[in-house]
K.L.:
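Sharing a structure with you now.
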Amino acid sequence: STLSSSSAASDVYKRQINKDICMDDSKVPEWLLKASDRIIEHMNDDHSNSIISTLHAQLGIKDLKAEMEIGLKDAYFGTTRDLNINSNISCDDCNGSGAAGGSERATCGQCGGSGKVRTQQGFFTLERTCASCSGRGSIIKNPCNPCRGTGRVRKNRKLSVNIPQGVDDGTRIRLGGEGEAGENGGPSGDLYVFISVLPNEFFKRQDADLLCEIPVDFVLAALGGDIDVPSPDGKKLRISIPEGCLSLIHISEPTRQAE
């Protein structure tokens, strides 16, 4: 859904970050709060997807990419297309926690819940990620069988992609939350669908305009008259050729449909 740049929307987004990533308001890093402000500020800009992608990369959230080919008619009018994708989703048996039977994660005995262990070497103290819990600070004593404790399972899904009217070749459409599910209940990434508009045998696109070439005989070009031309929806439109026409005719709003 689209978020406004209001403070209320910003607060909602920050609370969602707290819930999905930090689980504790007091542990939200300052850089993450600033990033959420930037996302809210640019949510309706062309840069919003890049900002979200950068934030996901910093947080280790995995986004997915897919490609979709459409014809000129679908690009012109907009459409809805189905997309089949195979990806990791949250395990239903354990609700993504990785723990079986509704059991909870236990504090890691190796690091005491900090996710890091310290070793002393002479006058120096070295700190490294705990190998026992992989830095999470907790372990699963009774792992879920279907997902083997990861909180994720592989599954084929069918998603509906709304393609807006006037979409151009190379356009990127973001489906929020439809990327790879995070491990052990972590937040899901986004799915980016890259649109490829197939060439049309009759029309050529130039920015927001459609161009086509129609041969006319000398008499019609010299004296003027009406001619039927195809349109992107497959129907024919009747346009008037002005007297002495030599080159381009611009049609902004066709006046009538050919009978």
Side-chain angles (χ1 to χ4, degrees), residues 1-3 42-54 56 62-87 155-180 189-259:
S1 59
T2 300
L3 298 178
H42 296 283
M43 189 59 71
N44 296 319
D45 293 354
D46 293 336
H47 303 296
S48 61
N49 286 347
S50 297
I51 296 173
I52 294 173
S53 296
T54 302
H56 282 188
K62 187 175 181 181
D63 297 328
L64 294 178
K65 298 179 181 179
E67 295 181 353
M68 178 177 290
E69 293 183 340
I70 62 173
L72 180 65
K73 180 179 178 180
D74 289 338
Y76 187 86
F77 292 101
T79 187
T80 300
R81 296 278 294 274
D82 290 334
L83 176 66
N84 294 314
I85 187 169
N86 182 272
S87 65
K155 186 177 181 180
N156 289 313
R157 295 181 291 154
K158 178 183 287 188
L159 303 176
S160 181
V161 181
N162 292 321
I163 300 174
Q165 183 179 7
V167 68
D168 203 353
D169 188 69
T171 297
R172 182 174 65 170
I173 299 176
R174 184 176 68 92
L175 302 182
E178 297 295 351
E180 288 278 355
D190 297 333
L191 171 63
Y192 290 92
V193 182
F194 290 82
I195 301 299
S196 176
V197 182
L198 298 174
N200 186 273
E201 61 181 0
F202 186 74
F203 290 101
K204 292 183 179 179
R205 185 168 181 170
Q206 181 176 306
D207 298 327
D209 298 327
L210 291 179
L211 306 179
C212 66
E213 293 184 0
I214 301 176
V216 296
D217 58 40
F218 177 78
V219 175
L220 181 60
L223 301 179
D226 293 338
I227 187 174
D228 294 341
V229 299
S231 64
D233 61 1
K235 299 178 181 179
K236 288 187 177 295
L237 300 174
R238 181 158 296 172
I239 64 172
S240 295
I241 304 294
E243 181 179 345
C245 177
L246 298 177
S247 57
L248 181 67
I249 297 178
H250 182 264
I251 306 172
S252 57
E253 295 183 2
T255 55
R256 62 186 187 277
Q257 181 176 318
E259 299 178 355

K.L.:
Under the rule for side chain to side chain donor-acceptor pair (under 3.5 Å), what residues qualify as partners of Arg205, not counting sequence neighbours?
P.N.:
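Checked Arg205 against side chain to side chain donor-acceptor pair (under 3.5 Å); zero matches.
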K.L.:
Are any non-hydrogen side-chain atoms of Ile70 and Val197 less than 4.5 angstrom apart?
P.N.:
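Heavy-atom side-chain distance check passes, below 4.5 Å.
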K.L.:
Please check if the side chain of Asn162 supplies one atom and the backbone of Thr80 the other of a donor-acceptor pair under 3.5 Å.
P.N.:
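The answer is no, because no donor-acceptor pair under 3.5 Å joins these two groups.
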K.L.:
Can you measure from CG (Asp63) to CZ (Arg174) and round to the nearest 0.5 angstrom?
P.N.:
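Spacing of CG (Asp63) from CZ (Arg174) equals 9.0 Å.
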K.L.:
Suppose the criterion is salt bridge (charged side-chain N to carboxylate O under 4.0 Å, His left out): which pairs have a residue in residues 66-81, not counting sequence neighbours?
P.N.:
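Checked against salt bridge (charged side-chain N to carboxylate O under 4.0 Å, His left out) - neighbours excluded - the pairs reaching residues 66-81 are Asp74-Arg81.
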K.L.:
Check side chain to side chain donor-acceptor pair (under 3.5 Å) between Ser160 and all other residues, then give those that pass, not counting sequence neighbours.
P.N.:
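Listed in chain order: nothing, the list is empty.
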K.L.:
So which atom in Val167 and which in Ile163 form the shortest heavy-atom distance, rounded to 0.1 Å?
P.N.:
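Between these two residues, the closest heavy atoms are CG1-CG2, 3.5 Å.
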K.L.:
With sequence neighbours left out, what residues match Asp169 under salt bridge (charged side-chain N to carboxylate O under 4.0 Å, His left out)?
P.N.:
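For Asp169, no residue satisfies salt bridge (charged side-chain N to carboxylate O under 4.0 Å, His left out) once neighbours in sequence are set aside.
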K.L.:
Tell me, please, which residues at least two apart from Phe203 pass side chain to side chain contact (heavy atoms under 4.5 Å, CB included).
P.N.:
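Side chain to side chain contact (heavy atoms under 4.5 Å, CB included) list for Phe203, sorted by chain: Leu72, Asn200, Leu210, Cys212, Pro232.
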K.L.:
Verify side-chain contact (heavy atoms from CB on, under 4.5 Å) between Lys158 and Leu83, making sure each step is shown before the conclusion.
P.N.:
CA-CA 6 Å; Lys158 178 183 287 188; Leu83 176 66; over 6 Å; no
K.L.:
Please report the closest heavy-atom contact between Arg172 and Tyr192, naming both atoms and the distance.
P.N.:
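Between these two residues, the closest heavy atoms are CD-CD2, 3.3 Å.
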K.L.:
Flag the pair Ile227 / Ile214 as yes when at least one side-chain heavy-atom distance between them is below 4.5 Å, and no otherwise.
P.N.:
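When only atoms from C-beta onward are counted, Ile214 and Ile227 do touch, with a gap below 4.5 Å.
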K.L.:
For Asn156, give me all partners under side chain to side chain donor-acceptor pair (under 3.5 Å), at least two apart in sequence or on another chain.
P.N.:
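Asn156 satisfies side chain to side chain donor-acceptor pair (under 3.5 Å) with Asn86 only.
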K.L.:
Could I get the full list of side chain to side chain contact (heavy atoms under 4.5 Å, CB included) partners for Ser87, not counting sequence neighbours?
P.N.:
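Per chain and number, Ser87 pairs via side chain to side chain contact (heavy atoms under 4.5 Å, CB included) with Leu64, Ile89, Arg157, Glu180.
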K.L.:
Do Phe194 and Lys65 have side chains that get closer than 4.5 Å, going by heavy atoms?
P.N.:
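Side-chain contact under 4.5 Å: yes.
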K.L.:
Looking at every heavy atom in both Leu191 and Leu159, which two are closest together, and how far apart are they?
P.N.:
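Looking at all heavy atoms of both residues, the shortest contact is CD2-CD1, 3.5 Å.
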K.L.:
According to salt bridge (charged side-chain N to carboxylate O under 4.0 Å, His left out), does anything in residues 191-203 pair up with another residue at least two apart or in another chain? List the pairs.
P.N.:
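Listed by first then second residue: nothing to list.
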K.L.:
What are the two closest heavy atoms between Arg238 and Asp228, and how far apart are they?
P.N.:
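Result for this residue pair: NE-OD1, 2.7 Å.
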